[in-house]
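One structure is given below, encoded as structure tokens.
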Amino acid sequence: MTTFSFNPIGTINSCYKEKFGIPRQPNLVPAAETQLLLNQEFSEESVRGLEGFSHIWISFIFHATQAQGWKPMVRPPRLGGNKKVGVFATRSTFRPNPLGLSVVELERIEASAAGIILHLRGCDLLDQTPVIDIKPYLPYVDAVFDAQSGFAENSPAVNQQVKFSQQAKSDCELATLRIGVEVEKLVLQVLQLDPRPSYKQGEKTARVYSMKLYDFDLKWKYLDDNKIMVLALVL
Ligand code: SAH
């Protein structure tokens with residue numbers, strides 16, 4: 001059998017430093033700014049004309065999970081994590097070929113000393129993700145309005161209520177000053193999706209959860225009424 005090998009064309013620089021907490025699809029957290037740095041061999045010529053597109057497809061490698069292999073059936077979070085479907089009926093990261101595909105917003109293209117940088121918004125990508133290819137998003141072919149989407153017919157609920165403690169509010173303000181990103185908005189959008197696995201959503205727990213966002217540890221807990229209380233952003 002013929003095998004194919006591809007070299008990455010660039011690398012993602014993302015605020016998501018670990019898998020836990022990353023949105024399960026792109027565009028659910030528009031406040032997340034991400035950069036794609038192309039390898040030095042790609043000059044400005046290779047992206048000429050791309051600036052006219054508001055959105056692009058990114059194909060990438062699920063590099064952090066590829067060593068874990070794959071199974072023919074998986075439990076997608078959308079089915080509450082308790083019903084199995086075939087791997088090819090899902091967007092699972094555990095696939096025979098660990099390839100991911102995301103449509104994301106392209107804000108601008110920068111020619112920097114380090115190489116060409118694509119400034120993106122709303123990615124569902126882990127930091128250091130290797131990118132294999134970029135293509136322009138073409139609504140007239142790619143947006144199919146009467147498409148059926150199996151068990152994922154509706155967009156996931158974005159209704160988890162999130163409150164900020166005084167500490168968390170001031171941590172977010174300081175973080176915004178330090179890194180120049182609207183951190184409170186980012187935290188709100190990430191936590192509104194409730195990063196817990198779906199079978200745990202709604203569960204009462206006293207546990208303090210945490211995820212790495214930029215170089216912070218974001219800490220939160222669930223109140224008795226299941227609302228989220230953001231506790232702190234620890235450096
Ligand atoms: N939109 C893509 C990805 C969907 S899965 C697709 O449909 O192919 C999205 C999940 O992939 C995220 O929640 C995150 O947990 C995981 N992920 C993102 N980047 C990854 C990487 N480089 N390696 C492993 N998992 C990654």
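Hydrogens, waters and symmetry mates are skipped; everything else that's a heavy atom, side chains included, is used. Numbering of ligands and ligand atoms starts at 1, following listing order.
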Considering only protein heavy atoms, which is closest to [atom], and at what distance to one decimal place?
atom	result
atom 10 (C) of ligand 1	Thr93 CG2, 4.0 Å
atom 2 (C) of ligand 1	Leu101 O, 3.2 Å
atom 20 (C) of ligand 1	Leu126 CB, 3.7 Å
atom 9 (C) of ligand 1	Arg24 O, 3.5 Å
atom 13 (O) of ligand 1	Pro23 O, 2.9 Å
atom 24 (C) of ligand 1	Thr65 OG1, 3.4 Å
atom 5 (S) of ligand 1	Arg91 O, 3.6 Å
atom 3 (C) of ligand 1	Asp124 OD2, 3.4 Å

Give a yes or no on whether the backbone of [Y] and the side-chain of [X] come within a donor-acceptor separation of less than 3.5 Å.
X	Y	result
Arg95	Gly100	no
Glu18	Lys212	yes
Gln201	Arg196	yes
Ser165	Val230	yes
Lys221	Ala206	no
Glu33	Leu120	no
Thr176	Val183	yes
Gln66	Pro98	no
Asp225	Lys227	yes

Can you sort out which atoms of ligand 1 are near [X], meaning under 4.0 Å from one of its heavy atoms?
X	answer
His63	21 (C), 22 (N), 23 (N)
Ala64	23 (N), 24 (C)
Gly100	8 (O)
Ser102	1 (N), 2 (C)
Thr129	19 (N), 21 (C), 22 (N)
Ile61	22 (N)
Ile22	12 (C), 13 (O), 14 (C)
Pro26	1 (N)

>> Go through it in stages, so that I can follow the logic: the residues are Asp142 and Lys135, the test is salt bridge (Lys or Arg N to Asp or Glu O under 4.0 Å), and I'd like the CA-CA distance, side-chain angles, deciding distance and then a yes or no.
In response: CA-CA 11 Å; Asp142 295 339; Lys135 286 179 185 170; over 6 Å; no
> Is there at least one pair of N or O atoms, one from Phe60 and one from ligand 1, spaced under 3.5 Å apart?
Replying inline: no
>> Are Val162 and Leu231 linked, directly or through intermediate hydrophobic residues, by side-chain heavy-atom contacts shorter than 4.5 Å (ILVMFWY only)?
In response: no
> If you measure from each non-hydrogen atom of Gln128 to ligand 1, which part falls under 4.0 Å: side chain, backbone, both or neither?
Replying inline: neither
